[in-house]
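These notes are about the structure you will find just below.
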Amino acid sequence: MEVPFFCYPHVFAQYREEALAALLKAADRGAYILQDEVREFEDAVQGFTGARHVVGVANGTDGLALALRAAGVGAGDEVIMASHTYVATAAAVHFNRATPILVECGEDHLIDVVSAAAVITPRTRAIVPTQLNGRTCDMAALMALAEARGLIVIEDAAQALGSKFRGQCAGTFGLAGMISLYPAKLLGCLGDGGLVMTNDDAMAEKLRLLRDHGRNEEGEVVAWGVNSRLDTVQAAVLLAKFKHYPGEIERRRAIARRYRDRLAGLDDLKLPPGPDDGGHFDVYQNYEAEAGRRDE
Ligand SMILES: *Cc1c(COP(=O)(O)O)cnc(C)c1O
């Protein structure tokens, strides 16, 4: 039996009625662009993660690119990231005219802080750790390095909504953190969507301007911006789905625990860390094992 990596219709079927009701509620009002549901969803994620600000954007890649731009990363800057990430992490840096500098990962497949320290140059501006597979890096070590060397940290937490290190949520450690709402992500919508989280008031204000053509709350254009808003209908669906999110994380963690209990005896297999691994709270976007004879 071949198990599909992801089954989109099955996911939708699990919350079909609630999603449809939410979608219709927005559509019947003609509420499409930055309407109530967007703010309500941002608030819900704020409460869940403890982030001071949450800004909905059109997709995760835009969120990362806008956060880098708002942080002032630009031409001539170098940005350190893990080699084991999605291409979008590097693209977000590239389109800010900065240079991605790739470094090795540690045993848990996340950026290795010692390797990151080794490639810092006078041009290094930022570190973008990817919280891959729903696991948060040792952010104590990473933030200590960044602070010691005067570097900005912006997290690619695309896969890590609700993941924690020492009780703090992924995406809330650095100047900003991005979450992807792509359909196959932990909390996926019916298309593209993303969030940027930040504890910095000025950063949040810049992000809100950047995502909406530089327009402020009064609709006045006060800066250059782009069009990268989280759609209201997507936010409506996400709000409906979000009620089940804590339960889904617990289910993933229970399955990871079961894999660990039952597969630990196989010599050929190197399993990801278990759910109760030191200060880490993993949410298992993916269960990424290593095997010498993978296809078998
Ligand atoms: C999904 C993903 C992205 C891109 O997010 P989109 O919402 O698809 O733009 C970036 N980085 C990582 C690690 C991802 O998993």
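Since the structure is predicted, the reported quantities are computational estimates derived from the model, not experimental observations. All residue numbers in this chain count up from 1 along the given sequence. Just so you know, ligand 1 is whichever comes first in the structure, and atom 1 is the first atom listed for that ligand.
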Item to check | Contacting atoms of ligand 1, where contact means under 4.0 angstrom from a heavy atom of M178 | outcome: 10 (C)
Checklist entry - With a cut-off of 4.0 Å, which atoms of ligand 1 are near a heavy atom of T61? => result 4 (C), 5 (O), 6 (P), 9 (O)
Checklist entry - Hey, is K270 close enough to E107 for a salt bridge, meaning N to O under 4.0 Å? => result yes
Checklist entry - Is the closest N or O pair between D156 and ligand 1 shorter than 3.5 Å? => result yes
Checklist entry - What about D192: any of its N or O atoms under 3.5 Å from an N or O on ligand 1? => result no
Checklist entry - Taking only heavy atoms of Q159, which atoms of ligand 1 are found under 4.0 Å from at least one of them? => result 15 (O)
Checklist entry - Which bit of T130 is near ligand 1, meaning a heavy atom under 4.0 Å away: side chain, backbone, both or neither? => result side chain
Checklist entry - Which atoms of ligand 1 are found less than 4.0 Å from any heavy atom of G60? => result 5 (O), 6 (P), 7 (O), 9 (O)
Next on the checklist: Are any of the N/O atoms on S180, whether in the backbone or the side chain, positioned under 3.5 angstrom from an N/O atom of ligand 1?
Outcome noted: yes
Checklist entry - Of the backbone atoms (N, CA, C, O) and the side-chain heavy atoms from C-beta on, which set of K185 has a member under 4.0 Å from an atom of ligand 1: side chain, backbone, both, or neither? => result side chain
Next on the checklist: Just to check, does Q131 reach to within less than 4.0 Å of ligand 1 when the distance is taken from its heavy atoms?
Outcome noted: no
Checklist entry - Cation over ring, R253 on F281, under 6.0 Å and within 45°? => result yes
Checklist entry - Any chance the side chains of Q131 and E155 put a donor and an acceptor closer than 3.5 Å? => result yes
Item to check | Output field: ring centroids Y245/F48 closer than 6.0 Å | outcome: yes
Checklist entry - Should D201 and R52 count as an ion pair when the cut-off is N to O under 4.0 Å? => result yes
Checklist entry - Are the side chains of H213 and V221 in touch, meaning some heavy atoms are under 4.5 Å apart? => result no
Next on the checklist: Do R125 and T99 have side chains that approach each other closer than 4.5 Å (heavy atoms only, starting at C-beta)?
Outcome noted: no
